[in-house]
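Worksheet: one structure, shown below.
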Amino acid sequence: MNFAPRILALAVMLASTGAPAQTLDLGPDISPLKRFQVYPHIDKAFEAMARGDGTRAIAELEHAHRLVPENTAIALHLAQAYQRFGQPARAAALLRAQRSRHPGDARIAQALRELQPPPAPVQESATVVAQPEAAPAAPVLAAAPSATAPEPASEHGTPAVAPAIAAPPDQLSKPAPAVRAQRRMAQVPRPRRADGAPGYAAASRAYEAVERAELPAALAWAREAAQAAPANADYQRLLTYLLIENGLYEEAQAKAREAELTFAPQGDTWQALGDTARQRHAYAQFEAASQAQRQGRASDALAHAQAAAEQAPGVPAYRLQWVGLLLAAGRHAQAQQVAEQGLTQGDGAALQVLRGAALQAQGQTDDAARVFDGVIGRPDLAPHEQQNYRVIAADAALAARQPERAKALLQPLAQGGAVDVSGREAEIRAATRRPISAASLQTFSLRLPVVNCFGSAQAPGCEVWPGQDAPDPARAVAQEAFRAYTERDYGLAAAKAEEAARLQPAHLPYRLLRLQALVAAGKVEQALREADDTLQSRADGAEVLALRSRVYHDLGRREQASADARAALQAGGLSLSSEINLLLQEGRRDEAVQQFAHAMAGPDFAGSADPDLAYLAARVGDDRTALAVFDRAHANDALPAAALPDGAYTASRLAENDRAIYYLQQTIDAVEAGRLEQTPRQQFATRRELADRTRTWGINALLGYRGMSPGSISPVPGLYRDAAQLVGEAYWRPQGYRDGSFWEIYGGVVQTVYSRHGGTSGSDTTQGALGVRAKPLRDHNLVLSAERRIRIGSLSFSDWLLRAGYSYGVGTDLRVDVPDWFTFNVYAEAGRFLQRKQDYVTFEVQAGRSFRMGDADSRLVLFPHAVVGVDYNSARTAAGYNGAAGAGVGIALRRWFREDRYNAPRSYLDLSLQYRARLAGDERGKGVFLRAALVF
């Protein structure tokens with residue numbers, strides 16, 4: 001019973017099938033992203049075909065085809081699956097549709113021709129090896145067709161030239177492991193009956209177990225056969241073969257080494273079996289590494305990848321996987337070492353790229369750049385490799401703060417349109433653009449390349465792709481820090497910012513926030529110490545110098561502040577905000593204004609919607625730019641709710657009343673929606689601003705007993721007796737509120753309705769008035785008027801009156817946040833009648849405390865107060881007095897009304913009763929003063 005010749009054929013076949021087979025090449029017309037998306041579906045399709053699951057295989061290939069319908073390689077695989085599983089019509093329809101997309105593709109034409117089954121080949125009879133007469137040979141089964149020799153493969157396992165079908169048919173339809181074992185076992189003839197021969201019965205049962213796909217049982221019988229006949233090379237081969245099929249690769253290798261020494265003349269056969277065991281073992285480790293990586297078991301993945309590379313050092317995919325996992329684990333120096341060891345066996349571009357990434361990760365920027373440039377300059381790179389490696393090199397350049405180099409690396413890709421690099425281009429623009437503030441500083445961490453591995457049917461493959469941004473581990477805690485800072489919880493903000501800086505040390509704004517929070521919390525000395533430490537550990541410390549300068553300035557340590565400011569300005573690289581603030585701090589305002597104007601004239605801030613730029617513009621007095629930035633930020637949903645009032649005030653300073661009203665309304669909406677926190681007083685102040693800005697007209701009515709009423713159309717000067725005047729007035733603001741420096745057209749009448757001592761009253765005293773008045777100063781209540789007095793009653797007159805009035809008050813408006821508050825109001829007015837050449841002056845001051853009569857919703861206010869009043873007139877009385885002065889106490893009751901969601905109460909009715917004692921001058925300075933006023 002001599003199995004030697006046929007077992008030898010089996011061993012050779014095993015050695016060939018265990019070698020790395022060619023992998024699927026999708027060609028250059030597919031982007032790395034699409035390649036990443038389709039490979040899992042292709043792998044699942046191959047696995048399904050191995051199980052004979054045609055439905056799943058076709059579904060997976062159809063999914064891949066939908067993702068990239070233009071790709072011919074996937075279409076060919078799908079057509080082959082249709083044909084294999086009994087759907088030739090669909091295969092033909094698919095190929096014809098693909099031919100319409102690519103009419104000149106010879107692969108499609110060949111596949112269409114091959115849809116017709118070829119004539120059956122003439123099979124040569126298998127050679128029968130002579131056996132001893134006592135043991136005639138059994139019939140030999142027909143040999144399986146040999147696989148076409150694969151084309152030369154790149155280090156990824158990708159063929160240099162893609163065949164019409166990228167993988168041989170037997171690879172595409174690889175059956176399940178047990179079935180594959182049956183097919184390989186078919187090459188071994190069933191042993192001739194030799195009852196009683198040592199091991200014969202066990203060997204026969206092993207063969208029968210393989211036929212039943214019972215590989216563990218077959219192994220047990222093979223062990224028994226080999227143990228019964230240790231000198232029988234056939235049985236030892238059978239055992240070695242079944243050890244491989246059962247995944248006992250280390251034992252199989254040991255058995256092959258032992259047999260190679262025992263059966264020396266057949267050394268090549270045993271070496272082939274040993275190589276097969278090693279290759280199968282390596283591939284198993286390769287798959288185990290991939291699975292462990294998917295499950296997040298990084299250390300296990302590394303161990304398996306290292307074992308695979310050591311088992312089969314000549315397969316580049318295994319080393320690529322190992323180096324990629326080392327980089328992902330942060331073991332950059334070891335990754336460089338492993339890559340360089342692999343490069344001694346061949347000049348692999350992918351391995352060089354990983355070496356360059358490892359060098360960059362260790363800060364060896366120049367060496368990494370030389371490696372990347374060497375790889376990119378290679379003429380043998382596939383298009384997708386050229387694309388991937390350029391992006392990886394550009395990522396390294398960005399991390400090294402070399403945006404111009406990154407731009408040059410990506411430029412060929414952007415021009416060719418072969419791959420979408422818009423995201424990287426945006427980062428390059430951000431890196432070359434000057435930041436507005438320290439908070440918008442860009443820090444680019446190195447994106448390590450990703451090694452994407454795949455494989456099926458013992459065919460490993462790996463590609464090196466550009467990495468993606470890892471989630472910022474400090475993002476959540478940094479947001480907590482910013483929120484705490486906004487809420488003025490500076491201790492918490494400092495702690496959270498420190499944690500963020502520890503999690504993401506490359507991002508300088510986190511460290512700056514920590515220092516700012518410490519200063520705000522009163523821990524100035526600690527902030528200065530940490531600033532010193534930061535300056536010693538970072539090369540990009542100009543922003544820290546600027547911050548330290550501002551801290552020194554606030555502490556009054558001007559000499560140190562100036563030294564830091566000069567050093568920061570000289571170092572350069574400052575954000576625009578830091579530079580402008582330092583210039584202003586140093587008293588170099590003109591230079592600050594010039595620098596800001598120069599920056600705005602450049603391209604960096606054209607169309608910017610950063611609110612920080614708006615605030616900076618306001619600081620240098622460029623409100624027009626500030627409002628434009630606020631508007632852009634709001635249009636882009638980039639304006640924080642807290643900035644809405646600032647947008648309103650900026651618009652107000654520019655007399656853009658409509659914009660101011662809009663931003664104030666948005667502020668109220670934000671408060672009601674919970675996006676902005678305001679105290680009740682702040683909310684009321686916002687509504688008061690709106691009420692003032694929306695007012696374009698008004699009506700005032702006043703009934704006053706004794707003296708001149710502040711701000712009203714005055715009665716006839718020289719009416720020095722106890723009398724009551726009724727005043728009515730209407731006004732219109734043609735340009736609205738503008739920036740608070742408005743002007744009005746007004747008109748009205750005044751009449752004496754009562755005179756205590758029988759003086760003139762009634763219609764004969766009716767006096768008309770028509771005039772223009774203006775409030776020229778935005779922040780001061782100075783009102784200038786030019787008024788024409790018009791005679792109506794017989795005792796009235798016509799004349800021109802020029803007058804100026806000034807008022808100042810504290811607590812004169814309604815308060816909703818407290819039940820009572822201090823109130824102070826002063827009014828002074830001077831006027832001259834031109835024809836009469838008569839002058840007058842009036843002055844009144846009130847001080848007291850206002851009480852809201854009810855809860856926060858009440859609009860009734862009681863105001864007990866003290867009062868001092870002075871009147872002067874150039875025309876003397878009969879007693880020779882030019883004026884009067886008096887002081888006393890009073891009480892007023894005011895009812896506010898006419899309010900809505902956006903506007904505070906715009907009207908009020910005021911009743912006031914005073915008693916004054918004479919201080920000097922005429923008797924009119926003492927007695928009871930009564931007023932009723934309606935402001936609508």
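Below, all heavy atoms of this structure are taken into account, side chains as well, without hydrogens, waters or symmetry copies.
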Can you list, pair by pair, the side-chain donor-acceptor contacts under 3.5 Å of residues 636-646, counting residues two or more places apart and other chains?
from   : atom 1 : to     : atom 2 : distance (Å)
Asn636 : ND2    : Arg632 : O      : 3.3
Asp646 : OD2    : Tyr615 : OH     : 2.5

Legend entry - Test item: side-chain donor near acceptor, Thr694 and Asn903, under 3.5 Å: yes
Legend entry - Side chains of Gln751 and Thr766, donor plus acceptor under 3.5 Å: yes
Please tabulate, one pair per line, all N/O donor-acceptor pairs under 3.5 Å involving side-chain atoms of residues 592-601, not counting sequence neighbours.
none

Legend entry - Cationic tip of Arg773 above Tyr731 ring, under 6.0 Å, 45° of axis: yes
Inset, instruction - Side-chain contact test, heavy atoms from C-beta onward, threshold under 4.5 Å: evaluate it for Leu703 versus Val753 and give yes or no. - result: yes
Inset, instruction - For the residue pair Ser850 and Arg815, confirm or rule out a side-chain donor-acceptor distance under 3.5 Å. - result: no
Legend entry - side chain to side chain donor-acceptor pair (under 3.5 Å) partners for Ser761, two or more places apart: none
Legend entry - Residues Glu829 and Tyr840: side-chain donor-acceptor under 3.5 angstrom: yes
Legend entry - Arg894/Asp910 salt bridge by N-O under 4.0 Å criterion: yes
Legend entry - Heavy-atom pair with the smallest gap, counting every atom of Arg687 and Glu899: NH2-OE1, 2.9 Å
Inset, instruction - Ignoring hydrogens and angles, state whether a donor on the side chain of Asn700 or Glu729 is under 3.5 Å from an acceptor on the partner side chain. - result: yes
Inset, instruction - Determine the interplanar angle of the Tyr490 and Tyr485 rings, folded into 0 to 90°, and report it as parallel if under 30°, tilted if 30 to 60°, perpendicular if over 60°. - result: perpendicular
Legend entry - Arg488 bridged to Glu677 by N-O distance under 4.0 Å: no
Inset, instruction - Classify the ring geometry between Tyr754 and Tyr705 as parallel (under 30°), tilted (30 to 60°) or perpendicular (over 60°). - result: tilted
Inset, instruction - Would you check if there is a donor-acceptor pair between the side chains of Asp631 and Tyr663 at a distance under 3.5 Å? - result: yes
